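First comes the structure, then the notes that go with it.
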Amino acid sequence: MSSHPEVPRHIAIIMDGNGRWAKERGLPRLEGHRSGAESVREVMEACIELGVEYLTLYAFSSENWSRPEAEVNALMALLDRFLDEKAKDLDRQQVRLLAIGQLDRLPESTRALIERIKTRTADHKAMTLVLALSYGGREEIVSAARSLASDAAAGKISPEAIDSDLFASRLQTAGIPDPDLLIRTSGEMRVSNFLLWQISYAEIVIVKKFWPDFRQGDLFETIKEYQRRHRRFGAL
Ligand code: FPP
């Protein structure tokens, strides 16, 4: 597959099913997450090759904090390792890293690593990788509403000035185009608090496979499905 005008500019993925993948094999859940990190590497490579401009991955939701402490710690350690190993690749691949979510809830080491890589990759142009970490769509919307309310209360803006564009500019995704394609693996038909505002017009493709089994070929299939659909943005 070569770059094509119909290649989605922004792909967002809910990477679901790591735990079930591991369970099916009698392995600890962490093995599922490890293998899921491999899928991340493959999908990133494919997106760069295809000319996808933005790839947003739901790596850790606000709800994930309520998982057993050992799993949360293991996921954070995996994320640290991924970022540490990826730092050089991101330079080589000219990928810019961004992160959205309540990052202040992350361990200090993870936050520092993200900050360092963000600064280092800020000018890269091949693709933007957006990691959603400790992310919740409702929390993001509430925070935008709070920031606008506070400006209105201080007399900096009038309530009438609040429109979609101004609202979107207070989201953490300000400046990032909305996703064209939302992929969710493991067959679940839910949005699970992911990019609630931003996916208004996204094509949603649900894939039955668990995330660790989702590799380059599966990504090509979802893009083909996306291309088959007629995109009308609600117009007749
Ligand atoms: C969902 O599977 C996946 C997660 C909660 C974490 C996703 C993390 C990775 C793919 C690896 C690390 C991330 C990066 C960016 C390297 P689940 O545990 O909810 O699976 P289940 O629904 O089958 O239990």
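Numbering of ligands and ligand atoms starts at 1, following listing order. Treat the numbers as computed from the prediction; the structure is a model and nothing was measured.
- In the candidate list Asn18, Ile13, Leu133, Asn18 is nearest to atom 9 (C) of ligand 1, counting heavy atoms.
- Counting only N and O atoms by type, the side chains of Asp80 and Thr110 include a donor and acceptor under 3.5 Å apart.
- Remark: Arg146 CZ is loosely packed, at most 12 non-hydrogen atoms of other residues, nucleotides or ligands lying under 6.0 Å away.
- Using a 3.5 Å distance cut-off with no hydrogens or angles, the side chains of Glu71 and His33 do pair a donor with an acceptor.
- Nearest non-hydrogen protein atom to atom 12 (C) of ligand 1 is Leu78 CD2, 4.0 Å.
- Note that the OH atom of Tyr54 and the CD1 atom of Ile176 stand 6.5 Å from one another [nearest 0.5 Å].
- Under 4.0 angstrom from ligand 1, the non-hydrogen atoms of Arg29 all belong to its side chain.
- With atom 15 (C) of ligand 1 as the reference point, the heavy atom nearest to it among Leu83, Leu129, Asp16, Leu131 is part of Leu131.
- The single protein non-hydrogen atom nearest to atom 1 (C) of ligand 1 is Met15 O, 3.0 Å, given as residue, atom name and distance.
- At a cut-off of 3.5 Å, with distance as the only test, no side-chain donor of Glu49 or Gln216 sits close to an acceptor on the other residue.
- Among pairs with a residue in residues 124-139, none fulfils salt bridge (charged side-chain N to carboxylate O under 4.0 Å, His left out), at least two apart in sequence or across chains.
- Arg96 and Thr128 share a side-chain donor-acceptor pair at under 3.5 Å.
- Listed by first and then second residue, the ring-ring contact (aromatic ring centres under 6.0 Å, His included) pairs involving residues 136-183 are Phe167-Trp197 (not counting sequence neighbours).
- Side-chain atoms of Ser35 and Asn18 include no donor-acceptor pair closer than 3.5 Å.
- For ligand 1, the atoms closer than 4.0 angstrom to any heavy atom of Gly19 are 17 (P), 18 (O), 20 (O), 21 (P), 23 (O), 24 (O).
- The protein heavy atom nearest to atom 11 (C) of ligand 1 is His33 O, 3.6 Å.
- In Asn64, the part holding a heavy atom less than 4.0 Å from any atom of ligand 1 is the side chain.
- With a 4.0 Å cut-off on non-hydrogen atoms, Trp211 touches ligand 1 through its side chain and not its backbone.
- At the top of the distance list for atom 7 (C) of ligand 1, counting protein heavy atoms only, stands Ala59 O, 3.5 Å.
- The closest approach between a heavy atom of Arg67 and any atom of ligand 1 is below 4.0 Å.
- The distance from ligand 1 to the heavy atoms of Phe82 drops below 4.0 Å at these ligand atoms: 16 (C).
- Every atom of ligand 1 is numbered from 1 in the order shown, and the set under 4.0 Å from a heavy atom of Arg20 is 21 (P), 22 (O), 23 (O).
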